[in-house]
2 protein chains.
Amino acid sequence: MTTEEKIFNAARIVFQKKGFAGARMQEIADEAGINKAMLHYCFKNKQQLFQAVFMKAFSQLAPQINTIFNSEKTVFEKIHQFTQEYIDFVIRNPFLPQFIIQEMNNNPEFVMSILNHENRPHPAVLMAQIEQEIEQGIIKPLNPKQLLLNIFSMTVFPFAAQTMVKGILRINDAEFNQMMEERKTIIAQDIINSIKK
Amino acid sequence: MTTEEKIFNAARIVFQKKGFAGARMQEIADEAGINKAMLHYCFKNKQQLFQAVFMKAFSQLAPQINTIFNSEKTVFEKIHQFTQEYIDFVIRNPFLPQFIIQEMNNNPEFVMSILNHENRPHPAVLMAQIEQEIEQGIIKPLNPKQLLLNIFSMTVFPFAAQTMVKGILRINDAEFNQMMEERKTIIAQDIINSIKK
DNA sequence: ATTTGGTTTAACTATTTGGTTAACAAAGAT
DNA sequence: ATCTTTGTTAACCAAATAGTTAAACCAAAT
């Protein structure tokens, strides 16, 4: 692993845990096992290092979403596939949702500025398809945006609010992961149940 | 408005926007329109000021939840009441969810230490009731924790991830608020639809 | 062997930032 | 009137933290 990779990984860990403002360059250097000056040798400054980490994170999420949303399948199939694959992905990257949400809220302008057309989720196709299937009588009449929001809410929230969820439901890491595994199949059924005609 | 109140309100605004780590005492002083030394005159330090703000925030949320969850109504009624009143409350305090979630994730030990028995949500009663109604054949067999998680996800997530939601769905503040108004009735129906036998 | 280029470090600097101090002012209390 | 308490400020301090520099290191090329 190159030094740059070591730094990047360390930065990912620290930024995801503490956020941009809470992260310390020294802590990242320690985590990477190198000198602090190396951070500035490989990445100009904290902002740019953060930007690299954030864009990588976001560009892992978005294309996956778009691939599913814009495929040739039915809405129900897409819901199944999305909840399955997305939860699968987030189980492997449990800090991503909270990280992205936090930074988007704390620093909307900065985040918006680094999001290009490629790495942005595009729900337009899926939304049109939902309206179509409503007309065809497959789906109950509803606001497609609300449905989309429901899908995201059910899949992403438990991870975004992980600590609170564990605290309120009084479950530990193992039970949490087990619940998320369960959720991979439950959610799609619940959502489809509530919208099919 | 007393100086202490001015400080507290300013602190609430700044902390909710930037989080604990990102907030600056100077910014809070400016927001309050007073000298920075006054902050330390009224509140010992940043931590304590933050603690005051956070506890107030949390102790506004939790009792409300408990009152609904532990009332004498049916599960369906509770779901209706909760989504209605909770979204109503959060519309008036749109930064609270993200604020609480963020700080719980960034600083779990600290947050847990300031949460006492009073201001903590207790879903035990509702969970037992759900199991009971499952046995009575009112609700489909399911894991009560998953249902609870669904309810929270659907109501809280849109606010917690506000910036991202607006960005992805390409809606402005007005449209967002309108969607949330809609949601007050939609969500309960969706959830009940998906779990009633 | 020596040079040369990128890599890495220790030590340093500049700035930000939470917190303190001492002086000042306004309002009650004696 | 004078003293005491409370509220308020400007100026200051010390610690933390992002960022710089110059020297050392080291591998490959000459």
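Proteins come first, then strands; the chains are lettered A, B, ... in the order of their sequence lines, and each starts at number 1. Just the heavy atoms: all of them, side chains too, but no hydrogens, waters or symmetry mates, feed the values below.
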G-U wobble or Watson-Crick pairing nucleotide for D:dA14 (cut-off 3.5 Å, both distances): C:dT17
Interatomic distance where CD belongs to B:Glu4 and P belongs to D:dT6 [whole Å]: 14 Å
B:Ile138 vs B:Phe76 side-chain heavy atoms within contact, under 4.5 Å: yes
Value in whole Å for how far the C1' atom of D:dT17 lies from CG of A:Leu49: 15 Å
Any B:Thr3 side-chain N or O less than 4.0 Å from OP1/OP2 of D:dT8: yes
Sugar-phosphate, base or nothing in reach of B:Leu39, heavy atoms under 4.0 Å: nothing
Stepwise side chain to side chain contact (heavy atoms under 4.5 Å, CB included) test for B:Phe110 and B:Gln47: CA-CA 10 Å; B:Phe110 174 58; B:Gln47 284 254 344; 3.3 Å; yes
Separation of atom CZ in A:Phe20 from atom C1' in D:dA18, rounded to whole Å: 10 Å
Whole angstrom value for the distance that separates P of D:dT8 from OH of B:Tyr41: 8 Å
Shortest side-chain distance from A:Lys46, nucleotide among C:dT9, D:dG19, C:dT8: D:dG19
Donor-acceptor pair, side chain of A:Asn107 and main chain of A:Glu103, under 3.5 angstrom: no
Spacing of B:Lys36 atom NZ relative to C:dG19 atom P, expressed in whole Å: 9 Å
Identified pairing partner of C:dA25, criterion: Watson-Crick or G-U wobble below 3.5 Å: D:dT6
Touch class at under 4.0 angstrom, heavy-atom based, for B:Ala23 against every strand present: sugar-phosphate
Residue closer to the 5' end of DNA chain D, A:Gln26 versus A:Ala37 (nearest nucleotide): A:Gln26
Closest to side chain of B:Asn35, choosing from D:dA18, D:dT8, D:dA10: D:dA10
Atom pair distance, as rounded to whole Å: CE in B:Met38 and P in D:dT6: 13 Å
Nearest-angstrom distance from the residue atom CG of B:Asp30 to P of C:dG18: 12 Å
Options D:dG19, C:dT17, C:dT20, nucleotide nearest the side-chain atoms of B:His40: C:dT20
Short side-chain N/O contact to D:dA16 OP1/OP2 from A:Arg24, under 4.0 Å: no
Lys/Arg N to Asp/Glu carboxylate O, A:Lys18 vs A:Glu27, below 4.0 Å: yes
Whole angstrom value for the distance that separates P of D:dA14 from CG of B:Asn45: 19 Å
Check ion pair B:Arg24-B:Asp30 (N to O, under 4.0 angstrom): no
